[in-house]
There are 2 protein chains.
Amino acid sequence: MPKNCNFIEKLREVGLRPTKQRVNMCEVLFNREKTFHFTINDLVKMISEKMNQKISLATVYNTVHAFEKKGYLKEISIDSHKSYFDTNTSAHHHFFDEDTNELIDCDENDIDPVNIKKNITGKKINSVEVLIKVASDNQNQK
Amino acid sequence: MPKNCNFIEKLREVGLRPTKQRVNMCEVLFNREKTFHFTINDLVKMISEKMNQKISLATVYNTVHAFEKKGYLKEISIDSHKSYFDTNTSAHHHFFDEDTNELIDCDENDIDPVNIKKNITGKKINSVEVLIKVASDNQNQK
DNA sequence: CAATAGTTTAGAATTATTATAATGTAGTTT
DNA sequence: AAACTACATTATAATAATTCTAAACTATTG
Ligand SMILES: [Mn+2]
Ligand SMILES: [Mn+2]
Ligand SMILES: [Zn+2]
Ligand SMILES: [Zn+2]
């Protein structure tokens with residue numbers, strides 16, 4: 001979803017009714033220069049701040065999952081206990097900064113493609129994701 | 001933790017009191033040929049079946065996290081919503097079978113080492129984990 | 001064997017997520 | 001444009017996973 005586009009049309013194209021809530025969520029999520037990572041709680045805050053309008057938590061969950069199913073969002077799993085979503089839906093890998101709990105995209109130059117030599121028999125590979133956990137270089141052993 | 005070893009000593013070595021519950025959990029987790037993956041619920045069932053003895057859920061959580069901190073267990077994160085633990089604490093990667101929800105270790109021969117060319121400045125890499133999601137090869141698109 | 005610090009426990013609390021069912025709205029039909 | 005219908009939103013309740021609490025218990029130390 002590029003910027004400045006008509007979200008109403010985009011929603012209709014994939015069979016989602018362009019409701020006020022969904023269009024607002026599109027604005028918050030996709031009307032920006034760069035992709036980003038967020039939790040559901042982040043998003044609820046962003047919506048109520050940017051749109052200055054209340055939205056039901058259930059709607060945020062429903063809509064995020066609808067967008068995920070349509071390929072507009074990807075879910076990223078870190079440490080269990082917390083679900084991150086990503087507006088960058090291309091296949092890519094992540095650094096996770098354990099100091100700040102921040103999820104950071106790997107650039108193509110940061111990591112060589114993963115070479116899988118042998119797959120499970122009779123199965124198809126749906127995704128390959130690398131998660132690199134990093135933390136402060138200091139004496140903080142743990 | 002190799003098989004047939006004295007779990008009481010092992011526990012003491014790392015400063016954990018060898019209580020009945022902890023020794024029982026060691027038996028269930030480590031007194032076997034192969035490493036394996038489990039959820040907390042799996043483990044509670046395994047303990048009450050194998051040991052024929054009740055154990056508090058809180059104790060299972062406490063003990064699993066104590067073992068994790070001591071490096072006897074690793075936590076593996078799949079899809080959020082579910083935490084798996086691994087008695088194989090060496091650095092290794094996983095297949096996740098989305099049909100059966102089964103976590104499977106990658107063999108060394110299954111995948112080439114991940115080559116990270118550029119890390120985040122000022123950070124140390126704590127872990128690199130690859131998760132390969134697979135599913136039935138049939139027409140089941142999704 | 002008494003003292004102490006650490007452990008276990010049942011149950012309550014918390015958190016994230018999903019379900020429910022009443023109300024509202026977009027798209028379509030008259 | 002009123003009516004109709006299917007889908008969406010909402011507040012709230014329900015569920016599930018995990019953690020907290022505080023009392024009872026136990027391994028270790030002196
Ligand atoms: Mn955990
Ligand atoms: Mn999810
Ligand atoms: Zn990303
Ligand atoms: Zn494993």
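Note on naming: letters A, B, ... go to the chains in the order of the sequence lines (proteins, then strands), and numbering restarts at 1 for each one.
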Does the side chain of B/N126 pick up a donor-acceptor pair with the side chain of B/K124 at under 3.5 Å? yes

Check this one for me: any side-chain N or O of B/Y61 less than 4.0 Å away from OP1 or OP2 of D/dT18? yes

Look only at the side chain of A/K70 and the backbone of A/V14, and say whether a donor-acceptor pair between them is shorter than 3.5 Å. yes

Is there a side-chain polar atom (N or O) of A/S83 under 4.0 Å from OP1 or OP2 of C/dA16? no

Any chance the side chains of B/N88 and B/D86 put a donor and an acceptor closer than 3.5 Å? no

Is the backbone N or O of B/V60 less than 3.5 Å from a side-chain atom of B/T63, with the two atoms forming a donor-acceptor pair by type? no

Counting only non-hydrogen atoms, which of residues 45-59 of chain A are less than 4.0 Å from DNA chain D? A/K54, A/I55, A/S56, A/A58, A/T59

Side-chain donor or acceptor of A/D42 paired with backbone N/O of A/T39 under 3.5 Å: yes

Would you say A/H65 reaches C/dT18's phosphate, i.e. side-chain N/O to OP1/OP2 under 4.0 Å? yes

Among C/dT17, C/dT8, D/dT10, the one nearest A/I40 by side-chain distance: C/dT17

B/R22 vs C/dT7: side-chain N/O to OP1/OP2 distance below 4.0 Å: yes

For the residue pair A/F85 and A/F38, categorise the inter-ring angle as parallel (less than 30°), tilted (30 to 60°) or perpendicular (more than 60°). parallel

Rounded distance in Å - CD (A/E68) to C1' (C/dT17): 13 Å

Under 4.0 angstrom between A/R12 side-chain N/O and C/dG27 OP1 or OP2: yes

Taking NZ from B/K69 and P from C/dG6, how many angstroms apart are they, rounded to a whole number? 13 Å

Does A/T63 place a side-chain N or O at less than 4.0 Å from the phosphate oxygens OP1/OP2 of D/dA8? no

Which of the following nucleotides, C/dT8, C/dG27, D/dT9, is nearest to the side chain of A/N62? D/dT9

From CG of A/L16 over to P of C/dG27, roughly how many Å is that when rounded to an integer? 11 Å

Whole Å only: how far is the NZ atom of B/K70 from the C1' atom of C/dG6? 13 Å

Is there a side-chain contact between B/Q21 and the phosphate of D/dT26, meaning an N or O under 4.0 Å from OP1 or OP2? no

Would you find a donor on one side and an acceptor on the other, under 3.5 Å apart, between the side chain of B/T89 and the backbone of B/K74? no

Rounded interatomic separation in angstrom, taking NZ from A/K20 and C1' from D/dT10: 11 Å

